[in-house]
Structures are given as structure tokens and as C-alpha cells.
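Written below as C-alpha cells is the structure these notes are about.
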Amino acid sequence: MPEHDHNHEELSGNRFFWVTILNVVITIAEFIGGALSGSLSLISDAFHNLGDSVSIVFSYAANQISKRKQNARNTFGYKRAEIIAAFLNSIALVLICVFLIVEAVKRISHPEPINGTLMLIVAIIGLAANLLSAFLLNAGSKSNLNMRATYLHIMSDALSSIAIIIGGVLIDLYNWTLADPVVTMLVALYIIYESIPLVRQTFRILMQGAPDIDYEAIKRDLLEIDGVFSVHHVHAWSIDETNIIFSAHVNLHDMKISEAQPIYSEIAKLLKEKYHICHVTIQAETTRGEHEDIIYDRGNDIP
């Protein structure tokens with residue numbers, strides 16, 4: 001493993017660890033603060049944070065599992081553990097937001113007296129911890145779906161803290177208890193909006209969905225390689241958000257295996273450098289399937 005990648009993985013693991021600790025502390029503080037202030041919104045957010053704590057621990061575990069080397073049991077390695085965690089975390093986040101919207105509607109119908117000052121203090125502490133957690137995960141969230149799912153959880157917590165702060169100020173100044181559920185609904189809708197693309201992307205990877213590459217362009221490039229005269233039965237899928245697997249049947253002129261090997265190397269080099277494909281499997285044929293489509297379509301997914 002390159003030193004850069006190793007250091008990045010160690011950094012990601014350390015960040016997950018400290019974010020987990022921070023989130024557990026926030027959860028405990030909000031449960032205590034909610035009980036003392038009588039703030040239902042604070043207790044609700046504590047449950048939200050509790051769910052997030054579980055999700056973060058799950059993400060951290062997946063991050064550690066993904067570092068395992070490939071073996072006879074998992075020949076492509078364990079990188080998809082993070083995709084599974086990201087998918088489950090994003091689904092959980094949507095469900096939590098739906099729950100918060102329902103609870104906000106209930107609070108609008110049945111407002112309760114709240115100690116706005118204590119609610120405000122606890123929310124400020126929670127916001128500070130969430131912003132620190134978001135800072136720790138921000139860089140990794142741009143290139144790692146698992147860290148992005150956890151980052152969205154943290155940002156939803158931060159926005160919830162902001163909502164509680166606004167609610168606490170308005171309760172203290174104007175005794176307007178409706179402020180908290182209204183802001184909570186807006187925050188929840190925003191988080192759902194941010195989470196849906198992540199659900200779609202991770203679901204597509206888990207369903208072996210094809211990555212966004214130009215197959216006709218690949219075919220044209222391969223046909224320019226000396227000795228290749230047809231390409232068919234192409235399959236492409238992603239292990240995670242960065243690693244693409246590619247297989248194809250390639251028709252070559254009749255030759256020795258030793259003569260075909262340089263062609264294999266040229267194909268692999270082209271696909272890696274131009275299309276960022278990390279693993280290539282080529283099945284060489286002479287005339288079999290030479291007139292068939294590049295994407296197999298004979299009523300079965302795999303021939």
C-alpha cells in the first residue's frame with residue numbers, strides 16, 4: 001500500500017474515533033440537560049444523537065474492516081463494508097429526519113413550557129462539539145462515501161443544535177415556543193434533500209450498477225489497438241466510489257498466448273490511464289461473438 005494511502009487511512013480512523021467520543025459526550029449532555037430543563041426538543045435531539053452515535057461507531061467499524069486485505073474468502077477485499085455502512089447510515093438519517101418532522105408537528109399542536117436558558121447553554125455546547133466533529137470529517141467526506149454519510153449525520157446534529165439555540169433565544173425573549181419545531185422541520189427537510197443522492201449512489205454500487213463511463217468510446221479505443229478487431233460482452237461495476245472493475249471479451253487475430261500478452265498489457269494500461277479502471281479481466285477469442293453487442297443482451301444478465 002502506498003505511504004500516502006496508509007497515512008490517509010490512519011487519519012480517517014483517528015478522526016472516526018474522536019468524532020465517536022465527541023458524539024457520545026453530546027448525547028449524554030443533552031439527555032441530562034433535557035431532563036433538567038424539561039425541553040422535549042433537547043431530549044428528542046439527544047435520541048437523534050444517540051442514533052448518530054451508533055451510526056458513527058458502525059461507520060468506524062466499517063472503516064477498519066475495509067482496510068483488510070483481499071483473501072480467498074473475499075477476493076476483491078473488504079472495501080464495500082464502507083459502502084454498506086454509508087447506505088445504512090443515509091437511510092437511517094432520512095428516517096430520523098422523518099421522525100423529527102412528525103415530532104415537530106406534534107409540538108406545534110401541543111407546546112410545553114421549557115427552560116430556555118438551560119436549553120440554550122446545552123445547545124451551544126452541542127453545537128461547538130458538532131462543529132469540531134464536522135471539521136475533523138470534512139476533508140475525508142469529499143472522497144469517501146462512508147465518511148460523507150457520517151459527515152451528514154454530524155451536520156444534521158449541528159443544524160439541530162442551531163435550531164435549538166434559535167428556539168432557546170426566542171423562548172427566553174418572547175416565550176415563542178413554536179420557533180423550535182418550525183426550525184426543526186426546515187432542518188430535517190434540508191438533511192433529507194442532502195441524503196437522497198447518497199442513498200441513490202450507494203444503492204447503485206451495491207446493486208452492481210455500472211459506473212458512469214463511455215462504453216462506445218472504450219470500444220473505439222480498444223479497436224485502435226493493433227490485433228483487436230471486435231469487443232463484446234462488456235461488464236463494469238464499482239467496488240466502492242473509486243475502484244472500478246472491468247471485464248470484456250476481445251476478438252484477436254489467431255496468435256500465440258505470448259503474442260497476445262503485450263496486447264493485454266496495452267488494453268490494461270489504456271483503461272487504467274484514460275478511464276481510471278483499476279482491475280481488468282480480458283477473455284480473448286478469435287471469431288466467437290465477434291458480431292455481438294458490446295453490452296450483452298440475450299435475456300440474461302451474465303452469459
Side-chain angles (χ1 to χ4, degrees), residues 1-2 5 8-9 12 58-59 61-91 140-149 195-223 225 228 230-251 263-285 288-290 292-303:
M1 178 185 294
D5 292 342
H8 175 73
E9 286 184 351
S12 298
F58 187 45
S59 296
N63 176 262
Q64 297 303 304
I65 292 171
S66 70
K67 298 174 184 178
R68 295 180 182 176
K69 302 294 184 181
Q70 60 265 41
N71 52 39
R73 189 179 182 87
N74 289 78
T75 57
F76 281 114
Y78 293 81
K79 292 184 179 297
R80 204 165 264 188
E82 289 199 289
I83 300 300
I84 295 171
F87 175 71
L88 294 177
N89 279 343
S90 54
I91 289 290
S141 69
K142 294 178 175 62
S143 59
N144 183 293
L145 288 177
N146 186 34
M147 290 186 73
R148 175 159 176 75
S195 299
I196 293 300
L198 187 60
V199 173
R200 289 176 176 171
Q201 186 178 1
T202 52
F203 181 74
R204 182 176 179 179
I205 292 174
L206 291 173
M207 287 296 295
Q208 301 286 67
D212 187 19
I213 52 179
D214 190 338
Y215 297 100
E216 291 301 327
I218 288 177
K219 182 176 182 177
R220 288 194 298 271
D221 287 340
L222 294 184
L223 291 177
I225 295 175
V228 178
S230 183
V231 180
H232 59 281
H233 288 195
V234 165
H235 292 282
W237 66 99
S238 301
I239 294 297
D240 56 15
E241 67 269 32
T242 58
N243 292 288
I244 299 174
I245 310 299
F246 181 92
S247 69
H249 293 207
V250 176
N251 295 102
I263 298 177
Y264 284 179
S265 299
E266 190 173 350
I267 290 173
K269 181 180 179 182
L270 168 70
L271 293 175
K272 181 178 181 179
E273 293 181 354
K274 185 172 182 178
Y275 297 97
H276 311 293
I277 293 169
C278 69
H279 184 87
V280 177
T281 301
I282 299 298
Q283 178 173 320
E285 299 172 330
R288 179 174 176 264
E290 63 179 309
E292 294 189 357
D293 297 331
I294 185 171
I295 304 297
Y296 185 80
D297 184 15
R298 295 291 185 273
N300 298 303
D301 290 332
I302 300 175

> Passes side chain to side chain contact (heavy atoms under 4.5 Å, CB included), Ile213 versus His276? Steps please.
Replying inline: CA-CA 10 Å; Ile213 52 179; His276 311 293; over 6 Å; no
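- In this structure the side chain of Ile244 never reaches within 4.5 angstrom of the side chain of Trp237, judged on heavy atoms.
- Partners of Asp221 under the side chain to side chain donor-acceptor pair (under 3.5 Å) rule, at least two apart in sequence or in another chain, are Lys274, Tyr275.
- Here the closest non-hydrogen pair linking Ser230 and Leu223 is N-CD2, 3.5 Å.
- The shortest heavy-atom contact between Leu198 and Ser90 is CD2-CB, 3.9 Å.
- Remark: Ile282 CD1 to Phe246 CZ distance equals 6.0 Å, nearest 0.5 Å.
- Remark: the His232 side chain and the Glu285 side chain contain an N/O donor-acceptor pair separated by less than 3.5 Å.
- In terms of heavy-atom proximity, Ile245 sits nearest to Phe76 at CD1-CE2, 3.7 Å.
- You'll find the side chain of Val199 reaches within 4.5 Å of the side chain of Ile91, heavy atoms only.
- Counting non-hydrogen atoms of other residues, nucleotides and ligands closer than 6.0 Å to NZ of Lys272 gives a total of 12 or fewer.
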>> Please determine whether side chain to side chain contact (heavy atoms under 4.5 Å, CB included) holds for the pair Arg288 and His249, giving the CA-CA distance in whole Å, both sets of side-chain angles, and the decisive distance to 0.1 Å.
In response: CA-CA 9 Å; Arg288 179 174 176 264; His249 293 207; 4.1 Å; yes
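- In this structure, CZ on Arg220 lies 6.0 Å from CG on Asp214, to the nearest 0.5 angstrom.
- Annotation for Ile83 and Thr202: closest pair CG2-O, 3.9 Å, computed over non-hydrogen atoms.
- The distance from the NE2 atom of His279 to the CD1 atom of Ile239 is 9.0 Å, given to the nearest 0.5 Å.
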> Could you walk me through whether Ile84 and Leu206 pass the side chain to side chain contact (heavy atoms under 4.5 Å, CB included) check?
Replying inline: CA-CA 8 Å; Ile84 295 171; Leu206 291 173; 3.8 Å; yes
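- If you take CZ on Arg200 and CD1 on Ile205, they are separated by 15.0 Å, rounding to the nearest 0.5 Å.
- In this view, Glu290 satisfies the side chain to side chain donor-acceptor pair (under 3.5 Å) rule with no residue, not counting sequence neighbours.
- Interatomic distance, OG of Ser238 versus CZ of Arg80, reported as 7.5 Å (0.5 Å rounding).
- Distance CG/Asn74 to CD1/Ile65: 10.5 Å, rounded to 0.5 Å.
- Residues Ile267 and Val228 approach most closely at CD1-CG2, 4.4 Å, considering heavy atoms.
- Lys79 has its side chain within reach of Asn243: a pair of non-hydrogen atoms, C-beta onward, lies under 4.5 Å apart.
- Side-chain atoms of Val234 and Ile218, non-hydrogen and from C-beta on, never get closer than 4.5 Å to each other.
- Between Glu216 and Ile294 the shortest heavy-atom distance is OE2-CG2, 3.7 Å.
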